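Presented below is the structure to which this report refers.
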2 protein chains.
Amino acid sequence: MARRPRTRPTLEEVAALAGVGRGTASRVINGGAKVSDRARQAVEDAIAELGYVPNAAARALVTRRTDAVALVIAESEERVFGEPFFAGVVRGIGAALASADRQLVLILADARRRGSLEHYLTRQHVDGVLLLSLHGDDTLPDRIRGHGLPVVVGGRPNAGVKTGFIDVDNVQGAGLAVAHLADRGRTRIATIAGPSDMVAGSSRFEGYVEALTAADRPFDERLVVRGDFSLESGARGMRTLLQRDPAVDAVFCANDLMAVGALQTLRDAGRRVPEDVAVVGFEDAPVSRSTVPPLTTVHQSPGAMGREMVALLLDTMATGDMLLPGRMLPTRLVVRQSS
Amino acid sequence: MARRPRTRPTLEEVAALAGVGRGTASRVINGGAKVSDRARQAVEDAIAELGYVPNAAARALVTRRTDAVALVIAESEERVFGEPFFAGVVRGIGAALASADRQLVLILADARRRGSLEHYLTRQHVDGVLLLSLHGDDTLPDRIRGHGLPVVVGGRPNAGVKTGFIDVDNVQGAGLAVAHLADRGRTRIATIAGPSDMVAGSSRFEGYVEALTAADRPFDERLVVRGDFSLESGARGMRTLLQRDPAVDAVFCANDLMAVGALQTLRDAGRRVPEDVAVVGFEDAPVSRSTVPPLTTVHQSPGAMGREMVALLLDTMATGDMLLPGRMLPTRLVVRQSS
DNA sequence: AGTAGCCGTGGGAACGCTCCCACTCCCGGG
DNA sequence: CCCGGGAGTGGGAGCGTTCCCACGGCTACT
């Protein structure tokens with residue numbers, strides 16, 4: 001294997017080989033405007049021959065852009081890494097950034113480093129920030145924006161926020177699920193809701209209520225229990241529901257894991273699914289395919305969420321408008337055998 | 001809120017404010033050698049007052065170092081993102097890199113981009129490469145090294161590789177599990193092994209065989225079945241084992257998920273765990289805490305793996321020796337109620 | 001026939017840093 | 001009393017780009 005020359009070729013060398021000036025070579029590589037075909041061809045040949053790649057540091061120095069985007073995951077959310085949904089989001093982000101020729105700088109911000117994180121972000125290295133967050137009480141996005149750095153948040157921090165976020169349309173998704181249950185002729189449609197202090201919890205509940213009304217079903221408080229998105233809380237919630245109203249014939253669970261718990265309780269109670277009780281989840285997690293029976297659930301596309309986050313960030317960077325409206329991503333119902 | 005000055009302060013401004021030369025200011029920020037206390041203090045005050053942060057691009061341009069490290073996850077492994085173990089590894093890497101003041105550039109390399117990945121890595125942006133891989137048939141690490149870039153692989157590609165990797169000591173871990181079962185007086189110790197073409201599969205099986213011999217237990221081929229690390233394959237494997245030898249009184253599963261499957265089969269077959277059959281897993285996945293009964297398993301520390309990967313990479317970068325020996329990380333047995 | 005304007009071009013300047021050389025002190029030894 | 005040398009310092013050069021200005025040649029007007 002031939003030893004490559006120790007130093008990387010520079011633009012100057014490319015220009016020399018192509019027999020043009022540095023400026024022309026630069027123009028070929030970038031804008032491309034106002035270059036004769038002959039010169040362009042010569043430069044492109046030289047680039048290929050030398051295996052030239054622009055030096056990112058030199059470019060960043062003069063343009064004051066790094067072509068890098070930070071993905072910040074706060075420590076409290078680090079566990080999301082282990083969740084398939086967020087893994088999918090990260091993948092979507094990675095793919096979208098790669099297509100846009102941007103680098104993804106991953107920052108796992110622990111609490112200690114919180115101060116220097118801001119310092120780092122605002123004064124260095126990246127052109128924009130992607131934030132993955134579940135909690136609502138965070139002023140970090142606005143603080144970063146205050147320093148002139150574009151920010152897009154994945155998962156709307158709270159319902160009051162109208163700009164700079166991408167989230168799944170939880171209200172619409174929950175509506176889909178409930179409308180489906182009503183369509184199936186179910187009359188006593190219960191819900192195992194999520195925590196009301198999380199957007200995913202409150203919005204899905206909101207969608208449940210709306211769709212119930214739209215379908216002319218009465219809203220009955222006794223058919224509402226709250227879980228914490230865990231399997232156990234789903235099982236417990238289902239027991240409560242059966243106790244309160246043995247005639248319940250459908251239940252919409254705010255996520256799949258709670259639906260799995262509900263399924264267990266129903267089996268233990270000798271109820272057939274879907275004959276006696278129909279069950280619908282939310283998330284379309286991998287587990288929903290392997291439950292018994294396979295779970296009908298609201299599908300949300302993590303990849304799309306990642307891609308949309310990047311798209312919105314690039315838009316923000318391009319327009320300079322820090323307050324671009326956020327987007328809600330549509331969901332769709334995946335009907336399996338539990339309903 | 002006062003508007004920050006449009007341009008970031010430069011080293012020159014810091015030096016001017018401190019009343020010293022650019023060289024002295026630079027010396028304070030970096031090496032620190034040969035600077036009088038008076039000058040150092042003045043520069044540090046000026047830095048604090050101006051909120052100065054060195055421009056990374058300018059620094060990279062002259063030092064030819066970026067202080068960034070790439071973490072490459074090949075598409076075929078992208079799913080690992082959703083697995084708690086790998087999420088932990090990434091976390092460990094992130095933490096270790098942050099302490100070393102290095103940036104983590106995440107590259108999700110899909111197959112299409114495979115060529116340009118190498119191009120990108122070798123000619124740009126990063127000082128070293130971390131590779132997360134499960135498959136053995138990959139020449140990528142060596143190709144990258146051929147370009148003079150340090151590489152550390154997480155998860156040994158295959159048993160022949162002696163350098164530049166960090167892995168869990170699978171043989172030792174499996175030995176721990178089997179020795180424990182032998183200690184408990186079990187005589188017919190079976191195993192549900194993993195795929196033989198994966199290091200985790202073959203090494204854990206190797207450890208099983210070794211420990212069996214060390215404990216004076218006969219190796220019986222009928223007590224060996226192979227799974228694919230999935231829950232279903234564990235359940236199936238256990239059925240096969242019970243069929244072949246109803247007197248089996250212990251089973252070592254090459255991962256926790258298969259152990260969960262085995263547990264299900266045993267319950268369905270009316271065997272008590274651990275009274276009739278003891279079960280041990282590998283991984284200490286979150287699920288192992290919530291099985292019935294809670295699973296005894298081999299604990300491997302993902303955080304340690306990430307940190308060790310970074311440590312080895314930094315060592316490689318510092319010494320310039322591309323062929324530093326790899327390391328096997330010790331495991332320990334977590335005894336719960338299934339054995 | 002002269003000139004205004006455009007296209008395509010070359011190269012100086014600047015980006016902000018580190019490296020390194022040269023310079024000034026000042027101390028101690030011959 | 002002179003001189004060698006170390007400690008501390010200032011600032012020039014250079015890293016590889018992009019930006020921008022000035023320039024030459026050509027076309028198409030007046």
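Below, all heavy atoms of this structure are taken into account, side chains as well, without hydrogens, waters or symmetry copies. Here is how names work: the chains are called A, B, and so on, in the same order as the sequence lines, proteins then strands, and each is numbered from 1. All values reported here derive from a predicted model rather than from experimental measurement.
Ala39(A) comes within 4.0 angstrom of sugar-phosphate atoms only, judged by non-hydrogen atoms across all strands, and of no base. Across all strands, Arg59(B) comes closer than 4.0 Å only to sugar-phosphate atoms, never to a base (heavy-atom distances). Within the 4.0 angstrom heavy-atom criterion, no nucleotide atom of any strand lies near Ala60(B).
Under 3.5 Å, the side chains of Gln41(B) and Asp45(B) contain a donor-acceptor pair of N or O atoms. With hydrogens and angles left out, the side-chain atoms of Thr63(B) and Arg59(B) include no donor and acceptor closer than 3.5 Å.
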Side chain to side chain contact (heavy atoms under 4.5 Å, CB included) evaluation trace for His125(A) with Gln103(B): CA-CA 10 Å; His125(A) 293 308; Gln103(B) 288 189 76; 3.2 Å; yes

Evaluate Leu104(A) against Val105(B) for side chain to side chain contact (heavy atoms under 4.5 Å, CB included), listing each step before the verdict. CA-CA 6 Å; Leu104(A) 173 54; Val105(B) 176; 5.8 Å; no

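For the pair Arg22(B) CZ and dG14(D) C1', the interatomic distance rounds to 11 Å; values are reported in whole Å. In this structure, Arg40(A) atom CZ and dC7(C) atom P are separated by 15 Å, rounded to whole Å. For the pair Arg27(B) CZ and dA7(D) P, the interatomic distance rounds to 13 Å; values are reported in whole Å. Here dC19(C) presents its P atom at 15 Å from NZ of Lys34(B), a figure rounded to the nearest Å. Taking atom CD1 of Ile29(A) as the reference point, atom C1' of dT18(D) lies 11 Å away to the nearest angstrom. Taking atom CG of residue Asp37(B) and atom C1' of nucleotide dT9(D), one finds them 15 Å apart after rounding to whole Å. Put simply, CZ on Arg8(B) is 9 Å from P on dG16(C), counting in whole angstrom units. Between Arg65(B) atom CZ and dC19(C) atom P there is a gap of 9 Å when expressed in whole angstrom units.
When each of Thr24(B) and Val62(B) is assigned the nucleotide of DNA chain D bearing its nearest heavy atom, the one mapping closer to the 5' terminus is Thr24(B). DNA chain D is contacted by both Arg38(B) and Leu61(A); Arg38(B) maps to the nucleotide lying nearer its 5′ end (nearest heavy atom per residue).
Nearest nucleotide to the side chain of Ala58(B), out of dT17(D), dG16(C), dT18(D): dG16(C). Here dT9(D) is the nucleotide among dT18(D), dG16(C), dT9(D) with the atom lying nearest to any side-chain atom of Ser36(B).
The CG atom of Leu149(B) lies 8.0 Å from the CG atom of Asp127(B); values are rounded to the nearest 0.5 Å.
Phosphate contact (OP1/OP2 of dT18(C), side-chain N/O of Asn30(B), threshold under 4.0 Å): present.
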